[in-house]
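Residue numbering restarts at 1 for every chain, and letters A, B, ... go by the order of the sequence lines.
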2 protein chains.
Amino acid sequence: MGAAASPARSGPASERFSVGLVQMRCGRDPERNRAAALDGIRAAAGRGAEVVCLQELFASPYFCQSEDARRFDLAEAIPGPSTERCAALARELGVAIVAPVFERRAAGLYHNTAAVIDATGELLGLYRKLHVPDDPQYYEKFYFAPGDLGYRVFDTRAARIGVLICWDQWYPEAARLTALQGAEIIFYPSAIGWLPAERSTQGPLQHDAWRTVQRSHAIANGVYVAAVNRVGHEADGQGGLDFWGRSFVCDPRGQVVAEAAGSDSEVLVAECSRTVLEDQRRGWPFLRDRRIDTYAPIGRRFLDAAAGRADPGHG
Amino acid sequence: MGAAASPARSGPASERFSVGLVQMRCGRDPERNRAAALDGIRAAAGRGAEVVCLQELFASPYFCQSEDARRFDLAEAIPGPSTERCAALARELGVAIVAPVFERRAAGLYHNTAAVIDATGELLGLYRKLHVPDDPQYYEKFYFAPGDLGYRVFDTRAARIGVLICWDQWYPEAARLTALQGAEIIFYPSAIGWLPAERSTQGPLQHDAWRTVQRSHAIANGVYVAAVNRVGHEADGQGGLDFWGRSFVCDPRGQVVAEAAGSDSEVLVAECSRTVLEDQRRGWPFLRDRRIDTYAPIGRRFLDAAAGRADPGHG
């Protein structure tokens, strides 16, 4: 059944594949952040991981806490220092790597991007963050042009994977359009945290919503989901951010099978079973019953009266 | 802000509205089921509910456990016995009622439908279940033609409500298309239960997935969600079904604000706050950042290779 789930891969797929998540603190020095990330990948591979995902913008602090054009100096080309080091390590260890980088595409044109590198070291392609937030201390619309590569899957040696980035996680459309391409797992490299002033009152609720909505993508689509989140306090801007970590992997039933503590850098490894995926989709065959004849208005901003809300035939 | 959320209603909306959920056992006699449902509505109204939702197919046992053409005798026209009794009670109590009925539309043409009746007794309209399951002991495709009224909202006196039915709950598209019409709350009348043989091994997991995916609709769309589920064992078919009850209301942050025990008939009442809804959407403005230019392929069954999966431009 693995072959059916991933028709484009050559040869039969094994029943299981293993994924690694590297959750880490970041400092100001990109080279030290890269070294820490490579250490994490090495640790994950040592525990059997075949695909390892780093956190969003792993080579730098989360610089979007303020709008400052000098921060564009942190961006890099692809290929560039981060992806070249990851490609070399991928080849050495025989693991695929999802490397989220601040991509410089041209002067004045930057993206929040994930490079997907196969276990051979080959760059399989890029995903550029499609849903870009702009909130106090998350001024991403200043730094990142919206992605223009659409939703993607990548046939790594171990599994067909999808990648979405942070704010994308709140959009069921993004998970759906990735899953419909046959993704077996969707990775969400993230940098989400609390405003310190809100942490005591809103913290548990915000974390729970984040975890719940991503688990629901696994359930609704019958895929594995892996969220990889930054950890630690970074003070840069009004009050800094407390990144909450708590990276996790959940199965296609929404059950969390591995979860990090929130407090510090950690490497998670989890096994994913194609039997679980197949059985879940046989038991609850949601893809069979989609009413694709009714979904077109999802492409509208809002279905208000001026746009024809009262028309019962719009669906 | 209530007025902004519900532009079609006349006059300012109050800060809060209150909803009631009637979770009940059903027997073979439709008149007794109707009487029990009316008692539940009365109890909810007595506790302040302004919109009361009954469970899916509330006037009968869950007859879809086997395919038997004699069960079409259970269907009724709209208006018909169930909606007429509900309309009279709505008018008497001044509450809106969501009445899910087995609708006979023509000879050989039946739907799984919810009638929405305003507090005046007026029939505001129908929602006909769009996603129709077919699984062992849930043979709904035999009984129900797929809905043809699209996704709807209804301006009751107390709130703008959306209604979806049971299997619809697994489809983020359905929640989105209802929320985009300005729904403040989405009701999910349901009849979901365990196969007794699976209950001990799969029961908690299935219930958790059901609760999680509906909470996620609240989070992703910034709306209240109310699930109203049948309760009790009904033996009709291979092994019967244990309906798990556990009706609940959650707020736009996904927090459960009221929840029934699973064991017996129960009336739930919960208050919904337009301030909570407004504040949540201001804090996490997901609707602002939807990439409506990328969603069109949601209207495809699957994005496999034969259909152009490898085309990076499809999104």
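- Counting heavy-atom pairs closer than 4.5 Å to chain B, the top residue among P133(A), A220(A), A175(A), P285(A) is P285(A).
- A heavy-atom distance below 4.5 Å is found between the side chains of Y151(B) and L130(B).
- Neither the backbone nor the side chain of P136(B) has a heavy atom closer than 4.5 Å to any heavy atom of chain A.
- Proximity of R300(B) to Y295(A): side-chain heavy atoms (C-beta onward) are nowhere separated by under 4.5 Å.
- Of the two parts of R290(A), the backbone and the side chain both hold a non-hydrogen atom closer than 4.5 Å to a non-hydrogen atom of chain B.
- If you tally non-hydrogen atom pairs under 4.5 Å between each of R301(B), R215(B), R253(B) and chain A, the highest count goes to R301(B).
- For a residue to count as touching a neighbouring chain, one of its non-hydrogen atoms must lie under 4.5 Å from one of that chain's; by this rule A179(B) touches chain A with the backbone only.
- Ion pair D168(A)/K129(A) not flagged as a salt bridge, since none of the NZ, NE, NH1 or NH2 atoms sits closer than 4.0 Å to an Asp/Glu carboxylate oxygen.
- In terms of heavy-atom pairs under 4.5 Å with chain A, the best-connected choice from L205(B), D134(B), D135(B) is L205(B).
- Closest of all the heavy-atom pairs between A183(B) and R281(B) is O-NH2, 4.0 Å.
- Between D289(B) and K141(A) there is a salt bridge, since a side-chain N of the basic residue sits under 4.0 Å from a carboxylate O of the acidic one.
- Chain B forms more heavy-atom pairs under 4.5 Å with one residue of N221(A), V132(A), I219(A), V213(A) than with any other, namely I219(A).
- Annotation: side chain of L126(B) is in contact with side chain of E103(B) (closest heavy-atom distance under 4.5 Å).
- The most heavy-atom pairs under 4.5 Å with chain A, out of Q169(B), Q255(B), R288(B), come from R288(B).
- Ring geometry for F248(B) against W210(B) counts as perpendicular: the plane angle is over 60°, on a 0 to 90° scale with 30° as the lower cut.
- Chain A forms the most heavy-atom pairs under 4.5 Å with one residue out of E173(B), Q202(B), Q214(B), and that residue is E173(B).
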